[in-house]
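What follows is a set of notes on a single structure, which appears directly below.
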Amino acid sequence: MSLMQTDYTEAPPAPPNVMIIFGAGGDLTKRKLVPALYHLCNAKLLPDSFVMLGLDRLDMDDDAFRALMAEHIRDHVGERFDDGVWGRLCERLQYMKIDMLNGHDYELLCERLSRIDAERATDGNYLFYMAIPPSLFSKVADHLGDAGLLHETDEDWRRVIIEKPFGQDLDSAIALNNHLHKNLDEDQIYRIDHYLGKETVQNIMVFRFANGFIEPLWNRNYIDHVQITVAESVGVEHRGAYYEEAGAMRDMIPNHLLVLLGFLAMEPPNSFEATALRDEVNKVLDAITPLTPEQVLTHAVRGQYGAGTMPNGEQVAAYRASPGVDPNSHTETFAALKLGMDNWRWAGVPFYLRTGKRLTAQYTEIAIQFKKAPTIMFQDTEVDDLEPDMVVLRIQPNEGIQMSLGAKIPGPTMRIGAVNMDFCYEDYFGNKPATGYETLIYDCMKGDATLYKHADTVEKGWEIVQSVLDVWSALPPRDFPNYAAGTWGPAAAGDLLKRDGRLWRRIQVPKAHGR
Ligand code: BG6
């Protein structure tokens, strides 16, 4: 199984299969999927009998498709790019032009797949990857079903990976689940959230459950509050049209940020099997108290960036000036929430979440702030206040764990300063470039759904944010744009914590240590 597999060289290659990508001309295929296949190929985890068949509207032959993918792969893989590995993968890439809404094209797809099976011994195992706009998920699934391409036998399997966003809100997610179930059994559906594929996200569980001294402290008795920051310095790039519909809340919070929260707050699962893990994450999501409409006004903050200067000096335009974006757009590019959990472990502990585009840094972390120690023994010394202890789980980049502790400043008087103990992944395990998609694609090929989301997990995510979406759509923002590109977001995000006598942690992105 996927989790805990630290060394891929020990793992066997996936079974023979064809991975069929709908939307092969899009950003995701270039930026994440093909680099992930490259890393899998490099780790010898792709079977010899493997083909990736790209599908899209563009008119291209196999060679043109390979050339298109080759343009980007070097940038994404970086300095460790190896021509030999790329050559092995490239030879297995094929392309077919398709109109995804035309039933006849699916007959052609059947013929093409039969040909690939005959030539490449791929055994009729098909992994369909929907890297397409959500409005097409149901329609494509219907066409695949009508063409008989989703029908499994004892000899072969058919699986579908569905990209996020899974629905636009709770109702549409339920409708989509119901629709997909017409053509697919639940165990054929793989709802992807690439945060579940990130090593450091999985490591949250290891940090908590493999280290006996951590777990006794991991509760409301010792933890004051938690801050989850997923900051992006990039803008919306070529995805303006998609982002206009989604916004920061839909794009990031019910999925990626709740994954982080789920792993951070869950009870220890009985095992790392799919069901045990999902059950524990679902219990966390169940315990989160959805905000009432009144609370949305004080516990939720939205923002949109205006023009500004990034820390590297780059002048960037406002969100409203991005391609595909309405010049009067009300879409939020920043969202922050204060959530609470109604359970034994976490009652009374606030979880502050924030995410946004064009923020100061590209950086994701979870900061756990512990309650202060009593200062009584320091009376009559120069210590007038103790800094709270903190554990910071750095998810990306420069993955690692940092503990801030109080230590005596050398000298004749009693003074205390904050010191950091810092563990950096790269120092111990080297730098293994990965997109987060490698494990997930490999797992799906093997039929392991541990790191994929079940229908009810997705629905619970939407339930948590539904009241915010409702209030925000009923009350259009009056102050957009309300933060400048290159800053940490709108002032109201700071007020969210100040009202509770707290502050967002001052983030300083650490440099990679190097070996
Ligand atoms: C995607 C969002 O799911 O996650 C993007 O649609 C976002 O808007 C991306 O940029 C962030 O992923 P990562 O792996 O770069 O943190």
Side-chain angles (χ1 to χ4, degrees), residues 23 26-36 39 72 75-78 129-134 137 161-168 190-204 228-261 263 302-305 316 319 322-325 331-335 353-366 393-399 432-441 451-453 458 461-462 465 485 489 507 509:
D27 260 14
L28 184 75
T29 307
K30 285 176 239 164
R31 284 176 47 215
K32 304 276 187 184
L33 302 183
V34 172
H39 292 139
H72 300 272
D75 291 347
H76 289 291
V77 173
Y129 197 116
M130 298 215 190
I132 45 180
F137 293 161
I161 298 186
I162 314 260
E163 259 299 330
K164 60 166 273 286
F166 196 92
Q168 273 289 301
Y190 287 69
R191 296 174 195 80
I192 199 163
D193 184 320
H194 75 282
Y195 270 51
L196 282 165
K198 290 183 190 274
E199 289 282 343
T200 37
V201 174
Q202 296 172 22
N203 193 48
I204 298 171
I228 302 183
T229 299
V230 180
E232 296 191 88
S233 52
V234 289
V236 288
E237 299 175 307
H238 309 295
R239 299 163 72 225
Y242 153 76
Y243 203 82
E244 275 287 271
E245 296 289 311
M249 174 63 82
R250 288 187 171 88
D251 190 41
M252 300 295 285
I253 293 195
N255 30 66
H256 304 331
L257 274 86
L258 290 187
V259 162
L260 300 177
L261 181 52
F263 279 11
R302 58 185 153 168
Q304 188 192 75
Y305 65 85
V316 298
Y319 171 70
S322 311
V325 170
T331 300
E332 80 284 355
T333 58
F334 177 97
L353 279 50
R354 63 174 167 171
T355 183
K357 301 271 185 203
R358 284 290 186 218
L359 299 183
T360 316
Q362 188 80 18
Y363 183 66
T364 298
E365 71 162 35
I366 304 175
L393 306 176
R394 275 198 310 275
I395 306 296
Q396 61 188 17
N398 310 336
E399 295 78 357
K432 293 212 177 75
T435 61
Y437 280 82
E438 292 75 5
T439 316
L440 295 169
I441 292 172
L451 295 174
Y452 283 87
K453 288 186 165 178
V458 172
W462 284 118
V465 300
I507 287 179
V509 182

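As the structure lists them, so they are numbered: ligands from 1, and atoms in each ligand from 1. Scope of the values below: all heavy atoms of this structure, side chains included, with no hydrogens, waters or symmetry mates.
- In terms of protein heavy-atom proximity, atom 12 (O) of ligand 1 is nearest to H194 NE2, 3.1 Å.
- A donor-acceptor pair shorter than 3.5 Å cannot be found between the side chains of Y319 and E332.
- Of the polar atoms of T435, none of the N or O atoms is found under 3.5 Å from an N or O of ligand 1, judged by distance alone.
- No side-chain N or O of T333 forms a donor-acceptor pair with one of Q304 less than 3.5 Å apart.
- Contact annotation: for Y195 versus ligand 1, heavy atoms closer than 4.0 Å belong to the side chain alone.
- Protein heavy atom closest to atom 1 (C) of ligand 1, with residue, atom name and distance, is H256 NE2, 3.6 Å.
- Those atoms of ligand 1 that come under 4.0 Å of a heavy atom in K357, given as number and element, are 5 (C), 7 (C), 8 (O), 10 (O).
- Figure legend: cation-pi geometry between R191 and Y452 absent, as NZ or CZ is not positioned both under 6.0 Å from the six-membered ring centre and within 45° of its axis.
- Annotation: ring-ring contact (aromatic ring centres under 6.0 Å, His included) contacts of Y129 (sequence neighbours excluded): none.
- We find that E232 and K357 are joined by a salt bridge, their nearest charged nitrogen and carboxylate oxygen being less than 4.0 Å apart.
- At the shortest separation from atom 8 (O) of ligand 1 among protein heavy atoms lies D251 OD2, 2.6 Å.
- Annotation: cation-pi geometry satisfied between K198 and Y195 (NZ/CZ under 6.0 angstrom from ring centroid, within 45° of ring axis).
- A distance of 10.5 Å separates OG1 in T200 from CZ in R394, rounded to the nearest 0.5 Å.
- Of the candidates M252, E237, K198, it is K198 that places a heavy atom closest to atom 14 (O) of ligand 1.
- Counting the atoms of ligand 1 from 1 in the order shown, those under 4.0 Å from a heavy atom of K164 are 1 (C), 2 (C), 3 (O), 6 (O).
- Among protein heavy atoms, the minimum distance from atom 10 (O) of ligand 1 is reached at E232 OE1, 2.5 Å.
- Ligand-side atoms of ligand 1 in range of K32: 14 (O), 15 (O), range being under 4.0 angstrom from any heavy atom.
- The residues D27 and K32 are annotated as not salt-bridged, no charged nitrogen and carboxylate oxygen being separated by less than 4.0 angstrom.
- The shortest N or O to N or O distance between R239 and ligand 1 is below 3.5 Å.
- Within the 4.0 Å heavy-atom criterion, neither part of E163 lies near ligand 1.
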